[in-house]
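So that the names make sense, note that chain A is the first sequence line, chain B the second, and so on, each numbered from 1. Note that the coordinates shown come from a computational prediction; the quantities given were computed from them, not determined experimentally.
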Protein chains: 2
Amino acid sequence: MTTIDLPLVTRETAAIAIGSAPDAACCGPLTRETITPADAEAFARRLKALADPVRLRLVSIVAASEGHEACVCDLTEPVGLSQPTVSHHLKILTEAGFLSRSKRGTWAYYRLVPGALEAVAAPLVSV
Amino acid sequence: MTTIDLPLVTRETAAIAIGSAPDAACCGPLTRETITPADAEAFARRLKALADPVRLRLVSIVAASEGHEACVCDLTEPVGLSQPTVSHHLKILTEAGFLSRSKRGTWAYYRLVPGALEAVAAPLVSV
DNA sequence: GCGGAATATTGACATCCGTCGATATAGTGA
DNA sequence: TCACTATATCGACGGATGTCAATATTCCGC
């Protein structure tokens, strides 16, 4: 069977998953007006998912892989960590909306969600 | 006396503090080629400094303040935390190169380092 | 120099996080 | 149905992190 698990859709990621304008991440530019506590909480949650050296490498490796996707077995060796740990990091990235998971056979293929990285970068740029 | 504490200059922040081209953050776009473990470590360290709701609010409040600077006494009440905790967060942001500290009298004024936020956002955008 | 105010540092505490080994789950092929 | 493979989940452990009260430090005005 072939199933596709889209990333967990929350109020923050809905705008990205649905529309074609991923710029509406969570909030306007940080430096224009003070961010609300709720928006800060949501934005911090997504940044935290990315703020780990292993997860940054996983995102980078997936994006640079053949067909822009990779299975867990392809990722374990490059990062030098156990399979459960790699699966754990991939789950965090998927739930944060950065990766999507599609299972084909016994393999689970992960790929970058288009616009997700740009969306999290948007509030950081002034103009 | 009046002293100015520039943010801690490391190999990662040196390019920002010195030059006028803050784009050379640490690495090229994440999605173009796989990031090196060392670059991932450095990039994660800077993202982690930003990935906290309180610190995001502090950055936002400082940037939106009069004269683009604020002292600790101005920041304690808005975030609703104790003075030591606010000083702790400001130290983390300063050491990560996002804020600079200048002491005038008993007060310590913090301001946003120009280009620091844009520099951390750069590796996340594809083009 | 002394008292007071603003800030930084210290020490303690609870919680969260990254990691692994062991195990469970799901799919394949014989 | 039965091994075998790939992946996910669980439980445990050590280390990092956010918070506060107490204290130290630094600076100003008198």
Side-chain angles (χ1 to χ4, degrees), chain A residues 1-5 7-8 37 40-41 44-59 62 65 69-96 99-111, chain B residues 1-5 7-8 37 40-41 43-59 61-62 65 69-96 99-111:
Chain A
M1 182 177 44
T2 297
T3 61
I4 297 187
D5 288 345
L8 185 68
E41 195 83 38
R45 210 165 11 233
R46 304 178 61 198
L47 280 177
K48 209 167 292 200
L50 218 52
D52 179 276
V54 174
R55 292 197 285 271
L56 285 173
R57 295 182 63 197
L58 288 174
V59 165
V62 166
S65 294
E69 68 177 5
C71 63
V72 181
C73 57
D74 292 332
L75 299 168
T76 301
E77 187 269 337
V79 298
L81 291 175
S82 72
Q83 174 267 317
T85 301
V86 173
S87 282
H88 167 70
H89 284 304
L90 290 172
K91 181 178 185 180
I92 290 179
L93 286 169
T94 303
E95 289 181 343
L99 297 181
S100 66
R101 193 185 94 119
S102 75
K103 192 160 190 182
R104 295 199 297 275
T106 18
W107 291 271
Y109 291 92
Y110 289 86
R111 58 171 58 226
Chain B
M1 184 175 41
T2 296
T3 61
I4 295 187
D5 289 346
L8 184 69
E41 195 84 39
F43 191 31
R45 206 160 21 225
R46 303 178 61 198
L47 280 177
K48 209 167 294 201
L50 218 52
D52 179 277
V54 173
R55 292 197 284 272
L56 284 174
R57 294 182 63 196
L58 288 175
V59 165
I61 294 173
V62 166
S65 294
E69 70 176 5
C71 62
V72 181
C73 57
D74 292 332
L75 298 169
T76 302
E77 187 269 337
V79 297
L81 291 174
S82 72
Q83 173 266 317
T85 301
V86 173
S87 282
H88 167 69
H89 285 303
L90 291 172
K91 182 179 184 178
I92 291 179
L93 286 169
T94 302
E95 289 180 342
L99 298 181
S100 65
R101 194 185 94 119
S102 74
K103 192 158 191 184
R104 296 199 296 275
T106 20
W107 290 270
Y109 291 92
Y110 289 86
R111 57 172 57 224

Legend entry - Presence of donor-acceptor pair under 3.5 Å, side chain of A:Gln83 and base of D:dA8: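 A donor-acceptor contact between them is present.
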Mind checking whether [X] and [Y] have side chains closer than 4.5 Å, heavy atoms only?
{"X": "A:Leu90", "Y": "A:Arg101", "answer": "no"}
{"X": "B:Arg57", "Y": "A:Pro37", "answer": "yes"}
{"X": "B:Asp52", "Y": "B:His89", "answer": "yes"}

Round to a whole Å and report the spacing from [atom1] of [X] to [atom2] of [N].
{"X": "A:Leu75", "N": "D:dA8", "atom1": "CG", "atom2": "P", "result": "11 Å"}
{"X": "B:Arg104", "N": "C:dT7", "atom1": "CZ", "atom2": "C1'", "result": "15 Å"}
{"X": "B:Tyr109", "N": "C:dA8", "atom1": "OH", "atom2": "P", "result": "13 Å"}
{"X": "A:Trp107", "N": "D:dT5", "atom1": "CH2", "atom2": "P", "result": "11 Å"}
{"X": "B:Lys103", "N": "D:dC27", "atom1": "NZ", "atom2": "C1'", "result": "7 Å"}
{"X": "B:Leu58", "N": "D:dT19", "atom1": "CG", "atom2": "C1'", "result": "14 Å"}
{"X": "A:Glu41", "N": "D:dG18", "atom1": "CD", "atom2": "P", "result": "12 Å"}
{"X": "B:Glu69", "N": "C:dT7", "atom1": "CD", "atom2": "P", "result": "12 Å"}

query: Centre of B:Tyr109's six-membered ring, under 6.0 Å away, within 45 degrees of the axis: is that where NZ or CZ of B:Arg104 sits?
result: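 Yes, cation above the ring, under 6.0 Å and within 45°.
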Check the interface with nucleotides 17-19 of chain C: list each N/O to N/O pair with the protein under 3.5 Å, or write none.
residue : atom : partner : partner atom : Å
C:dG18  : OP1  : A:Asp52 : OD2          : 3.4
C:dG18  : OP1  : A:Arg55 : NH1          : 3.4
C:dG18  : OP1  : A:Arg55 : NH2          : 3.0
C:dT19  : OP2  : A:His89 : NE2          : 2.3

Q. Roughly how far apart are B:Leu47 CG and A:Leu50 CG, rounded to 0.5 Å?
A.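 Reported value, rounded in 0.5 Å steps: 6.0 Å.
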### Task
Check whether the side chains of A:Ser87 and A:Gln83 place a donor and an acceptor atom closer than 3.5 Å, and report yes or no.
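Side chains of A:Ser87 and A:Gln83: pair found under 3.5 Å.
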With the criterion being N/O to N/O and under 3.5 Å, what pairs connect the protein with nucleotides 13-15 of chain D, and how long is each?
none

So does [X] get a side-chain nitrogen or oxygen closer than 4.0 Å to the phosphate oxygens (OP1/OP2) of [N]?
{"X": "B:Arg101", "N": "C:dA8", "value": "yes"}
{"X": "A:Ser87", "N": "D:dA8", "value": "yes"}
{"X": "A:Tyr110", "N": "D:dA8", "value": "yes"}

In terms of heavy-atom contacts, A:Ala49 and A:Ala96 come closest through CB-CB, 3.4 Å
Scanning both residues in full, the closest heavy-atom pair of A:Lys48 with A:Arg55 reads O-NH2, 3.2 Å
Listing, residues 70-80 of chain B side-chain donor-acceptor contacts under 3.5 Å, not counting sequence neighbours, or none:
residue : atom : partner : partner atom : Å
B:Thr76 : OG1  : B:Val72 : O            : 3.1

Taking C:dA8, D:dT7, C:dT9 as options, the one with an atom nearest any side-chain atom of B:Lys91 is C:dT9
Note: for A:Val86 and B:Cys73 on DNA chain C, the residue whose nearest nucleotide lies more 5' is B:Cys73
